[in-house]
Amino acid sequence: MIPALEVRNHRKVRRVIHNDRGLVAEMSLDDVLFIGNDKKVPYSGIEVELKEFGTDVALENISTGLRRLFPELEPDSESKYEKGIRLLG
């Protein structure tokens, strides 16, 4: 059996801490290589996951700050599998 998609992911995790509350979120910086259909397609992304003291307001503030620093960022709800299949065609 030959896999339809191979995903190689190098992830760096950074904790987002609010001094008054503690751990608000984890931010994962992913460098991904999708392999399949005799192609290799690189992809980079950022995932933000709320933690124990995270709120919707905190998530919006983090997202707003990231978009100010990196205007090319766009929200995305596609899974890595879905993204890999789409990018490899």
Asker: Could you grab the distance from atom CG of N9 to atom CG of D31, nearest 0.5 Å is fine?
Answerer: 8.0 Å

Asker: Could you list who else is in L33's hydrophobic cluster, with ILVMFWY side chains joined at under 4.5 Å, directly or through other members?
Answerer: I35

Asker: For E72, look at atom CD and say whether over 12 heavy atoms of other residues, nucleotides or ligands are found less than 6.0 Å away.
Answerer: yes

Asker: Do L23 and V13 belong together in a cluster built from hydrophobic side chains that touch within less than 4.5 Å?
Answerer: no

Asker: Out of R14, R11, R8, K83, which residue meets the salt bridge (charged side-chain N to carboxylate O under 4.0 Å, His left out) rule with D30?
Answerer: R11

Asker: Are L59 and L73 grouped together when hydrophobic residues (ILVMFWY) are joined by side-chain heavy atoms under 4.5 angstrom apart?
Answerer: yes

Asker: So how far is it from E49 CD to E26 CD, rounded to the nearest 0.5 Å?
Answerer: 6.0 Å

Asker: What distance separates K12 NZ from M27 CE, expressed to the nearest 0.5 Å?
Answerer: 12.0 Å

Asker: Side-chain heavy atoms nearer than 4.5 Å, only ILVMFWY residues, links allowed to pass through others: does that put L69 and I62 together?
Answerer: yes

Asker: What's the separation between atom CD in E82 and atom OG in S77, rounded to the nearest 0.5 Å?
Answerer: 7.5 Å

Asker: Pick one: which of E60, H18, R21 meets side chain to side chain contact (heavy atoms under 4.5 Å, CB included) with T55?
Answerer: R21

Asker: Give the cluster check for F70 versus V48: same hydrophobic cluster or not, with ILVMFWY residues linked at side-chain heavy-atom distances below 4.5 Å.
Answerer: yes

Asker: So, R15 and E52, do they make that salt bridge, N to O below 4.0 Å?
Answerer: no

Asker: Donor-acceptor pair, D76 side chain versus E78 backbone, under 3.5 Å?
Answerer: yes

Asker: Please go through I85's hydrophobic cluster and name the other residues, only I, L, V, M, F, W, Y counting, with side-chain heavy atoms under 4.5 Å joining them.
Answerer: L5, V7, V32, F34, V41, Y43, Y81, L87, L88

